Structures are given as structure tokens and as C-alpha cells.
Amino acid sequence: VEKTDVAFVEGAMTMLAAQVPGRVLEVNVEQHAQVSAGQLLVRLDPADFAARVARARAELQAAKNRVAQSVAAAASASAEAKSASIEAERAGRERERVKSLFDAGASSRQQLDVAGAAHEAAVAHVRALELRAEAERAAVADDAPIHQAEAALTEAELALAHTELHAPFAAFVGRKNVE
């Protein structure tokens with residue numbers, strides 16, 4: 001049996017660190033201990049990250065609510081435009097009636113002007129409501145705020161998940177720099 005004081009051990013060394021900054025709550029490994037893949041090594045305080053997740057969820061819900069408001073506003077404006085269109089038709093018939101009376105000499109120029117202005121105002125009101133409905137429908141079509149809020153939520157959830165550091169593979173712990 002030969003003895004020697006000279007021995008070489010070959011191995012790879014991998015440095016592990018949390019992907020997010022935070023206060024360490026737990027260290028579940030000792031130096032020179034064997035760990036298995038997926039084993040929890042370090043847990044950071046998740047409180048700030050959990051609050052970010054809650055805020056991101058609230059912002060996503062707010063974005064969805066704004067879209068729902070736009071849908072309702074578009075429907076409301078469309079309904080108002082239909083109602084105003086009926087009034088515009090009535091004002092148009094009134095203008096024609098007053099014009100017939102004016103042509104027959106039974107109505108004044110002022111009455112004709114008032115009836116004409118009422119019709120023009122009613123038509124303009126219809127157009128304004130149609131444009132408002134169109135603008136609201138355009139706001140509904142732009143779902144970018146919802147996508148942004150969903151991305152922010154995903155990012156916050158990912159950061160929260162990173163408060164736990166797990167062993168990526170089975171190995172022996174060399175030196176640890178956290179207690």
C-alpha cells in the first residue's frame with residue numbers, strides 16, 4: 001500500500017447568488033454539506049416583493065376596469081346618438097313644416113331661422129355623440145395598458161419567486177458567504 005501526502009481533486013466550482021436583493025431570512029445549508037437539485041438553500045424576505053405583486057395585480061384590475069368603462073361609454077354614446085338622431089329627424093321635419101308655412105306667408109323669417117338652427121344643432125349633436133362612441137371604441141381596441149399591466153405583474157411575480165434560492169443541481173457546498 002502506497003501512501004502520499006500529495007493528492008489532487010478535480011471539480012467544478014459554481015458561484016450562486018440571489019437574483020434579487022433582499023434581507024436574508026433563512027440559510028438552509030451548511031458548508032461542505034451535500035445538497036440535491038432543487039433543494040432550498042436561502043430564503044430572502046419576500047415582503048417587499050409580495051407588496052409589488054399586490055400593487056401590480058391592482059394595476060392590472062384598474063386597466064381592465066378602464067377598458068370596461070370604455071366599452072360601457074361607447075355603448076352609451078351609441079345609444080345617445082340613436083336617440084339624438086331621432087330628435088334630429090324630428091327637427092328636420094319641423095324645419096320643413098316651418099319652411100312651408102314661411103313660403104305660404106304664414107310664418108316669420110325668425111321662426112324659419114329658429115327651426116333651421118334647431119335642426120343643425122340636433123345634427124351636430126348626433127355627430128358629436130357618434131365621434132365620442134368612436135373614440136371610446138378606439139380606446140377599447142388599444143389593449144396596450146392591459147398588456148403592460150400583465151407584464152408588470154409577471155415581472156413582480158418573478159421577482160417574488162427569486163426570493164428563494166434553490167440548488168440548480170446536486171453538489172457539495174464549498175464555502176458559503178451568508179449566515
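Computed from a predicted model, the values in this text were never measured in an experiment.
Residues D143 and V67 have side chains not in contact (no heavy-atom distance under 4.5 Å, counting atoms from C-beta outward). Residues R175 and N177 meet the side-chain proximity criterion, which asks for heavy atoms closer than 4.5 Å. When side chains are defined from C-beta on, L129 counts as touching R132, because their heavy atoms get closer than 4.5 Å.
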Could you check R52 against E155 for salt bridge (charged side-chain N to carboxylate O under 4.0 Å, His left out), going step by step and ending with a plain yes or no?
CA-CA 9 Å; R52 289 179 194 164; E155 189 176 70; over 6 Å; no
Go through F169 and T14 one step at a time and tell me if the side-chain contact (heavy atoms from CB on, under 4.5 Å) criterion holds.
CA-CA 10 Å; F169 44 80; T14 301; 3.6 Å; yes
Between E30 and V173, is the side-chain contact (heavy atoms from CB on, under 4.5 Å) condition met? List the steps.
CA-CA 7 Å; E30 295 298 325; V173 175; over 6 Å; no
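A donor-acceptor contact under 3.5 angstrom links the side chains of Q61 and N65, judged on distance only. Neither side chain, R97 nor S107, offers a donor N or O lying under 3.5 Å from an acceptor on the other.
By the rule that hydrophobic residues join a cluster once side-chain heavy atoms approach within less than 4.5 Å of another member, L41 and V24 end up as members of one cluster. V123 and L112 sit in two unconnected hydrophobic clusters of ILVMFWY residues. Membership requires side-chain heavy atoms under 4.5 Å apart, directly or through other members.
Looking only at distances, a side-chain donor or acceptor of S108 sits under 3.5 Å from a matching main-chain atom of Q111.
The shortest heavy-atom contact between L160 and P46 is CD1-CB, 3.6 Å. Closest approach of L44 to G22, counting heavy atoms only: CD2-O, 4.0 Å. Minimum heavy-atom separation, L165 to A17: CD1-O, 3.8 Å. Between L16 and P168, the shortest heavy-atom distance links the atoms CD1-CD, 3.7 Å. Here the closest non-hydrogen pair linking H32 and F172 is O-CD2, 4.2 Å. The two residues D45 and T163 make their nearest non-hydrogen contact at O-CG2, 4.3 Å.
Every residue two or more places apart in sequence or in another chain that forms a side-chain hydrogen bond (donor to acceptor under 3.5 Å, both in side chains) with E164 is listed here: R43, H166. The side-chain hydrogen bond (donor to acceptor under 3.5 Å, both in side chains) test applied to E136 returns S70, not counting sequence neighbours. The side-chain hydrogen bond (donor to acceptor under 3.5 Å, both in side chains) search around R109 returns none, not counting sequence neighbours.
Among the candidates S76, S78, S83, the single residue satisfying the side chain to side chain contact (heavy atoms under 4.5 Å, CB included) test with E80 is S76. Of the candidates E89, E94, R95, R90, H119 forms a side-chain hydrogen bond (donor to acceptor under 3.5 Å, both in side chains) with just one, namely R95.
A salt bridge does not link R57 to E150: none of the charged nitrogens lies less than 4.0 Å from a carboxylate oxygen.
Within the model, atoms CG of L25 and CZ of R23 stand 5.0 Å from one another, a figure rounded to the nearest 0.5 Å. For the atom pair H162 NE2 and F49 CZ, the distance stands at 10.0 Å (nearest 0.5 Å). Distance check, rounded to the nearest 0.5 Å: OG of S85 to CZ of R127 gives 12.5 Å. Between L60 atom CG and H147 atom NE2 the span is 11.0 Å, to the nearest 0.5 Å.
Other residues, nucleotides and ligands contribute only 12 or fewer heavy atoms inside 6.0 Å of the CD atom of Q110.
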